[in-house]
Amino acid sequence: MVEDDSSIVFDTNFTVLAAESLDSGNCNYEHRAGKRARRDHDWSFVRFKGVVPQQNGHWGAQIYANNQRIWLGTFKSEREAAMAYDSAAIKLRSGDTHRNFPWTDLNIREPEFQSLYSTEDVLNMIRDSSYQAKLKDFVKILSEKDEKPTTNLNKKLVHGDTQFSCMQLFQKELTPSDVGKLNRLVIPKKYAVKYFPPIRG
DNA sequence: CGGTGTGTTGAG
DNA sequence: TCAACACACCGG
């Protein structure tokens, strides 16, 4: 099924949009067309920051922070890898140092999405490719949230100096095992996978 | 065995 | 900081 670029995670609109606004300055889209690397292997026309070709035709993503390289994983398409870099850059770098793709109304939410997780969590989500889906959910829930501001479930809490905004992620009815001998509440796997950081340290 | 990501180098 | 390149290593 040849999904090359277009069909990945984030909806296609994003990819297309990003791809077509090349000329609109600021995004770090170096058209280094023609710039060849040391060996003249066919790839080597790497256009994206933090993206490195793999011998099997896949693409690796990496970012440098505090004097060391952080590996972000390998991806099937060049763009997935480039997006991985952009996402990691938000957490690791200050401000928006040259990104691969321009900001859109969707990825503009990334900073606040990432603020819900630790750096390691974000990196792990990027690495296991669950990042995009979770970000998408986050944005979706956000939009649902301000569609009905009347809902009482979403309120703001103020704790000391810091402000936290909360939203309902999911709902679950108590089951026998929740009130059984084991003193624990079971979170459905579906939601656990969806809203919790991935395993691995 | 294929694929991953680290070691390492040289350039910007 | 960064990507190019080589290849040790790891899970299947």
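Note on naming: letters A, B, ... go to the chains in the order of the sequence lines (proteins, then strands), and numbering restarts at 1 for each one.
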Problem set entry | Side-chain ion pair, A:Lys172 and A:Asp178, N-O less than 4.0 Å | yes

Exercise. Taking atom P of C:dC2 as reference, at what distance in whole Å does atom CG of A:Leu72 sit?
Worked result: 12 Å

Exercise. Which nucleotide sits closest to the side chain of A:Lys49: C:dC2, B:dT4, B:dT6?
Worked result: C:dC2

For this session: Using ring-ring contact (aromatic ring centres under 6.0 Å, His included) as the criterion, list what pairs up with A:Tyr64, not counting sequence neighbours.
Result: none

For this session: Round to the nearest Å and state the distance from A:Gln62 atom CD to B:dT6 atom P.
Result: 10 Å

Seminar exercise, completed: A:Gln55 has its side chain closest, among C:dC2, B:dG3, B:dG7, to B:dG3

Exercise. Checking A:Arg99 against A:Trp103: charged group under 6.0 Å from the ring centre and within 45 degrees of the axis?
Worked result: yes

Problem set entry | Euclidean distance, atom CH2 of residue A:Trp59 to atom C1' of C:dA4 [Å, nearest integer] | 12 Å

For this session: Would you confirm whether the ring centroid of A:Tyr131 sits within less than 6.0 angstrom of the ring centroid of A:Tyr117?
Result: no

Exercise. Any donor-acceptor pair under 3.5 Å between the side chain of A:Gln54 and the base of B:dG5?
Worked result: yes

For this session: Report the distance from atom NE2 of A:His98 to atom P of C:dA3, rounded to the nearest whole Å.
Result: 11 Å

For this session: Grab the CG-P distance between A:Asn67 and B:dG7 for me, whole Å please.
Result: 15 Å

Seminar exercise, completed: By nearest-heavy-atom nucleotide on DNA chain B, the more 5' of A:His58 and A:Tyr64 is A:His58

Seminar exercise, completed: Between CD of A:Glu78 and C1' of C:dA3 the distance, given in whole Å, is 13 Å

Seminar exercise, completed: Residue pair A:Arg69/A:Thr74 against DNA chain B: nearer the 5' end by closest nucleotide is A:Thr74

Exercise. Nearest-Å distance, CD1 (A:Ile63) to C1' (C:dT1)?
Worked result: 11 Å

Exercise. In terms of side-chain heavy atoms of A:Pro53, which of C:dT1, B:dG5, C:dA4 is nearest?
Worked result: C:dA4

Exercise. What do the steps show when you test A:Arg127 against A:Glu120 for salt bridge (charged side-chain N to carboxylate O under 4.0 Å, His left out), and what is the final call?
Worked result: CA-CA 10 Å; A:Arg127 292 194 264 248; A:Glu120 271 307 307; 3.5 Å; yes

Exercise. Between C:dA3 atom P and A:Asn100 atom CG, what is the distance in whole Å?
Worked result: 9 Å

